[in-house]
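Okay, structure first, notes after.
Starting from 1, each residue takes its place in the sequence as its number.
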Amino acid sequence: MNENIPKIKVMISSTIKDLYPDRDAIVKVFEKYFFFVELLGIEPIGYSSTPRSPYIKTIEWAEQSDFFILLLGNRYGYEIKPDLSATEAEFNAAYKNDPTKIIIFKRADIEPDDKQKKFIERVSDYYKGFFITKYNYTHELQEKVKLSFLNQLKERMSIGFNLTYFDHFVRLAIQRRPSPDVQIYYAITDKDIILTYKYPNNERSIHFNKDTLYRDLWGCIAKLEDYFDKWRNDEY
C-alpha cells in the first residue's frame with residue numbers, strides 16, 4: 001500500500017475516566033480500518049513528544065479531523081476556564097471548522113451533572129443541535145459507530161473532503177426547496193451568501209451573513225425552512 005496517501009482523521013472527544021471502556025470500544029472498531037484511518041485524541045497520544053500544550057494540540061486535532069466523534073457521559077469534565085470543559089472546547093473548535101463532520105453518541109443510562117446536562121441540551125437543541133445516538137452497551141456502541149462512520153464516509157466520498165465551511169452551507173441549502181418548480185441559484189460575496197429562488201412567475205432572495213452562519217449553521221438552516229413555510233402560506 002502507498003503510505004503517502006493521506007489518511008482520514010477521526011477524533012474521539014470525551015471525558016476519560018467515566019468513558020474509558022466506551023472509548024476503547026470505538027478504538028477497536030477503527031482498528032479494522034487502520035490502513036486508511038488515523039485516530040486522534042486516544043491513548044497513547046502519540047509516538048513522539050510535541051512542543052504544544054495539551055489544550056493547543058487537542059484543539060488542533062478537533063480542527064484538523066475529517067470526522068469528530070463526541071461521546072457524552074455523566075461528567076462535564078475538566079474545565080480549562082470557568083464553565084468551559086476541555087471536551088466542549090474541542091466540540092466548539094470542530095463546529096467552527098465544519099459542523100457536518102460531527103457525530104454524537106450518548107450513554108442511555110447516564111445521570112449527568114448539572115453542567116453536563118446543560119452541554120447535552122446545547123448539542124441536542126432541536127433547531128441548532130445534532131441528532132444524538134443513544135446506546136446502552138459498548139458492543140451496541142461499536143455497531144452504531146461503524147454504521148454512522150461508513151454512512152458519513154460514503155457521503156463525504158461523493159462530495160469530497162476539501163469543501164469550506166460555507167461550501168457545506170450551500171450544499172445543504174440547495175438540497176431544500178420551497179416547492180418542486182423552483183430553480184435555485186446562489187452567490188457568495190465577502191460578507192454574505194445570497195440564495196435566490198426563481199418561481200415561474202416571481203423571484204425571492206435570502207441573504208445570510210457569513211458571521212452569523214459561522215456561529216450558527218444549523219440555526220440558519222432552520223431559518224431557511226421558516227422562510228419556506230412563510231412563502232408557502234403567502235401562496236394561499
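- At least one donor-acceptor pair closer than 3.5 Å links the side chain of Asp167 to the backbone N or O of Thr164.
- Side chain of Glu63 to backbone of Ala93: no donor-acceptor contact under 3.5 angstrom is found.
- Judged as a side chain to side chain donor-acceptor pair (under 3.5 Å), and not counting sequence neighbours, Gln152 has no contacts.
- Nearest heavy atoms, Arg23 versus Ile12: NH1-O, 3.6 Å.
- Between Trp218 and Tyr95, some side-chain heavy-atom pair lies under the 4.5 Å cut-off.
- Here the CG atom belonging to Leu141 is positioned 8.5 Å from the CZ atom belonging to Arg107, to the nearest 0.5 angstrom.
- Relative ring orientation between Tyr227 and Trp231 is described as tilted, the plane-to-plane angle lying within the 30° to 60° band.
- Interatomic distance, OH of Tyr78 versus CD1 of Ile80, reported as 8.0 Å (0.5 Å rounding).
- Cluster membership check: Leu84 shares its hydrophobic cluster with Ile56, using side-chain heavy-atom separations under 4.5 Å among Ile, Leu, Val, Met, Phe, Trp and Tyr.
- In the hydrophobic clustering of ILVMFWY residues, with side-chain heavy atoms under 4.5 Å counting as a link, Ile26 and Leu150 come out together.
- Listed for the Lys144 side chain is a donor-acceptor partner under 3.5 Å among the backbone atoms of Lys134.
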Between Tyr214 and Tyr165, is the ring pair (Phe, Tyr, Trp, His ring centres under 6.0 Å) condition met? List the steps. CA-CA 8 Å; Tyr214 193 61; Tyr165 189 101; 5.1 Å; yes
Set out, in order, the CA-CA distance, both residues' side-chain angles and the distance that settles side-chain contact (heavy atoms from CB on, under 4.5 Å) for Trp61 and Glu90, then state yes or no. CA-CA 8 Å; Trp61 285 337; Glu90 292 164 6; over 6 Å; no
Would you sort out whether Leu172 and Leu217 count as a side-chain contact (heavy atoms from CB on, under 4.5 Å), showing the intermediate values? CA-CA 10 Å; Leu172 293 168; Leu217 182 141; 4.0 Å; yes
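- Two residues are said to be in side-chain contact when any heavy atoms from C-beta on lie closer than 4.5 Å; Tyr33 and Lys146 meet this criterion.
- You'll find the side chain of Phe91 stays beyond 4.5 Å of the side chain of Ser13, heavy atoms only.
- Side chain of Glu140 to main chain of Asn136: a donor-acceptor pair is present (N/O by atom type, distance under 3.5 Å, no hydrogens or angles).
- Residue Tyr135 is not grouped with residue Leu147 when hydrophobic side chains (ILVMFWY) are merged at heavy-atom distances under 4.5 angstrom, including chains of intermediate members.
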After noting the C-alpha distance and the side-chain angles of Lys198 and Glu203, does the key distance pass the side-chain contact (heavy atoms from CB on, under 4.5 Å) rule? CA-CA 4 Å; Lys198 290 192 175 183; Glu203 179 179 303; 3.0 Å; yes
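- Closest approach of Phe130 and Pro99 over heavy atoms only: CE2-O, 3.2 Å.
- The existence of a salt bridge linking Asp226 and Lys223 is excluded, since no basic side-chain nitrogen approaches an acidic carboxylate oxygen closer than 4.0 Å.
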Hey, mind stepping through Val145 and Phe30 against side-chain contact (heavy atoms from CB on, under 4.5 Å) and telling me if it holds? CA-CA 9 Å; Val145 167; Phe30 286 105; 3.9 Å; yes
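- When the shell of 6.0 Å around CD of Glu111 is examined, it contains 12 or fewer heavy atoms from other residues, nucleotides or ligands.
- Scanning both residues, Gly73 and Leu19, for their nearest heavy atoms gives N-CD1, 3.7 Å.
- Looking only at side-chain heavy atoms (C-beta outward), Arg176 and Ile221 come within less than 4.5 Å of each other.
- Using a 30° and 60° split on the angle between ring planes, Phe149 and Phe36 fall in the parallel class, below 30°.
- Residues Ile132 and Met11 are members of one and the same hydrophobic cluster, defined by side-chain heavy-atom contacts under 4.5 angstrom among Ile, Leu, Val, Met, Phe, Trp and Tyr.
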Do Lys28 and Asp24 pass the salt bridge (Lys or Arg N to Asp or Glu O under 4.0 Å) test, and can you show the C-alpha distance, the side-chain angles, and the key distance before you say yes or no? CA-CA 6 Å; Lys28 287 182 170 59; Asp24 187 57; 2.6 Å; yes
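- Checking side-chain atoms of Lys7 against main-chain N and O of Phe34 turns up a donor-acceptor pair under 3.5 Å.
- Arg75 CZ to Phe119 CZ: the interatomic distance, rounded to the nearest 0.5 Å, is 13.5 Å.
- For the atom pair CD1 (Ile193) and CZ (Phe169), the distance works out to 6.0 Å, reported to the nearest 0.5 Å.
- Here the straight-line distance linking atom OG1 of Thr196 with atom OH of Tyr186 works out to 12.0 Å at 0.5 Å rounding.
- Under the 4.5 Å side-chain heavy-atom criterion for Ile, Leu, Val, Met, Phe, Trp and Tyr, Tyr185 and Leu224 are members of distinct hydrophobic clusters.
- Looking at Lys115 and Glu88, no side-chain N of the basic residue comes within less than 4.0 Å of a carboxylate O on the acidic one, giving no salt bridge.
- Nearest heavy atoms, Gly77 versus Thr15: CA-CG2, 3.6 Å.
- Under the side chain to side chain contact (heavy atoms under 4.5 Å, CB included) rule, Ile104 has a single partner from Thr133, Leu72, Ile120, Leu71, which is Leu72.
- Under the 3.5 Å distance criterion, the side-chain polar atoms of Tyr197 are left unmatched by any main-chain donor or acceptor of Ile206.
- In this structure a side-chain-to-backbone donor-acceptor pair under 3.5 Å is present from Lys101 to Ser65.
- A donor-acceptor distance shorter than 3.5 angstrom exists from the side chain of Asp113 to the backbone of Tyr76, with no hydrogens or angles considered.
- Distance alone, capped at 3.5 Å, is enough to place a donor-acceptor pair between the Asn233 side chain and the Asp229 backbone.
- The shortest heavy-atom contact between Ile59 and Ala89 is CD1-O, 3.5 Å.
- Here Asp211 does not pair with Arg215 in a salt bridge; the nearest charged N to carboxylate O distance is not below 4.0 Å.
- Separation of atoms CD (Glu38) and CG (Asp66) is listed at 9.5 Å; rounding is to 0.5 Å.
- Of all the heavy atoms in Arg177 and Arg232, the pair that sits closest is O-NH2, 3.5 Å.
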